[in-house]
Amino acid sequence: MNKKNSMEKPANTNLDIQALIKRRYSPRTFADKAVEADKLERIFEAVRWAPSSMNDQPWHLIVGTKEEQKNYDRIFDSLVEFNQIWAKLAPVLVVIVADTLSAKTKKRNTAFAYDCGQAAAYFSLQAMEEGLFTHQMGGFSKEKITEAFDIPERFEPVSIIALGYKGKIEDLPENFREMEKAERERRPQSAFVFTSDWGAK
Ligand SMILES: Cc1cc2nc3c(=O)[nH]c(=O)nc-3n(C[C@H](O)[C@H](O)[C@H](O)COP(=O)(O)O)c2cc1C
């Protein structure tokens, strides 16, 4: 794993949670360094082993790297402007595209978004294991991605993941630096763990 640097933002918890979960966060700055092919392969293998409803495995990944540029640019162009400002630092952009039809029932797979979310979680944690950081994005045009890659109608782009080694805060425009330094916040467990009636602890 890469040497830690001062801008890392581990989860602020006293509980002894799994180290990768504690360390993962979504930076907006990435180093100008390519991601090794074997690391990418292991990240995609982790996705492969994500659980899914009826084992339908609805996820598909479109990978763009700065080395090959063509796919990268097509993915990059679909991002909203806010995301383009920082995501241009990421050496790899990956689109998760869902099959909206179940391979088993041939009907609409109501779990495709859930399953792709799990795939993204597996992606992020395996990336962390490799010393890499991820930043998932919903801010992109599904229409642009669909058109750029000629994706058939039954498939739906669900998210784009920026992937790479973490960069320096100075590489971000001034107005993004505060965001990058901001404390990571979460609701307390009492807000979402109910052990009696709805809303009750
Ligand atoms: C489905 C999804 C969509 C997101 N979309 C964006 C986005 O478009 N732009 C962005 O800067 N961050 C985006 N994020 C990142 C979240 O804001 C971030 O995960 C959240 O604030 C928690 O921070 P952490 O990942 O550092 O713990 C997205 C995250 C997820 C899971």
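Ligands are counted one by one from 1 in listed order, and the atoms in each one are counted from 1 as well.
Atoms of ligand 1 found under 4.0 Å from any heavy atom of F82 (numbered from 1 in listed order, with element): 11 (O). Each of the following atoms of ligand 1 lies closer than 4.0 Å to a heavy atom of Y25: 26 (O). Each of the following atoms of ligand 1 lies closer than 4.0 Å to a heavy atom of G139: 8 (O). Atoms of ligand 1 found under 4.0 Å from any heavy atom of R28 (numbered from 1 in listed order, with element): 10 (C), 11 (O), 12 (N). Close contacts of ligand 1 with N83, meaning ligand atoms under 4.0 Å from a residue heavy atom, involve 7 (C), 8 (O), 9 (N), 10 (C), 11 (O).
Comparing S159, S26, S124 against atom 25 (O) of ligand 1, the shortest heavy-atom distance belongs to S26. Nearest to atom 4 (C) of ligand 1 by heavy atom, out of K9, Q136, M179, is Q136. Taking only non-hydrogen atoms, the option from H135, R186, M137 nearest to atom 23 (O) of ligand 1 is R186.
Taking a 4.0 Å cut-off on heavy atoms, W86 registers as neighbouring ligand 1.
Annotation for L79 and Q84: closest pair O-NE2, 3.4 Å, computed over non-hydrogen atoms. For Q126 against R42, the heavy-atom pair with the smallest separation is CG-O, 3.5 Å. Residue I75 comes nearest to I62 through the heavy atom pair CD1-O, 3.8 Å, listed as atom of the first residue, atom of the second, then distance.
Side-chain contact check for Q57 and N55: at least one donor-acceptor pair (N or O, by modelled atom type) lies under 3.5 Å.
For the atom pair OH (Y25) and NZ (K9), the distance works out to 6.0 Å, reported to the nearest 0.5 Å.
Shown here, atom 17 (O) of ligand 1 is out of close reach of the protein: none of its heavy atoms lies under 4.0 Å off. When distances from atom 6 (C) of ligand 1 to the protein are checked, a heavy atom turns up under 4.0 Å. Within the 4.0 Å cut-off (strictly below), no protein heavy atom is located near atom 21 (O) of ligand 1. Distance remark: protein heavy atom present below 4.0 angstrom from atom 10 (C) of ligand 1.
In this structure D56 satisfies the salt bridge (Lys or Arg N to Asp or Glu O under 4.0 Å) test with no other residue, sequence neighbours excluded.
With salt bridges taken as basic N to acidic carboxylate O contacts below 4.0 Å, none links E67 and K70.
The protein heavy atom nearest to atom 3 (C) of ligand 1 is G138 N, 3.3 Å.
Within the 3.5 Å criterion, the main-chain N or O of K144 finds no donor-acceptor partner in the side chain of E147.
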List, one per line, each side-chain donor-acceptor pair under 3.5 Å for residues 169-178, sequence neighbours excluded.
| from | atom 1 | to | atom 2 | distance (Å) |
| --- | --- | --- | --- | --- |
| R177 | NE | L172 | O | 2.9 |
| R177 | NH2 | E170 | O | 3.3 |
| R177 | NH2 | L172 | O | 3.1 |

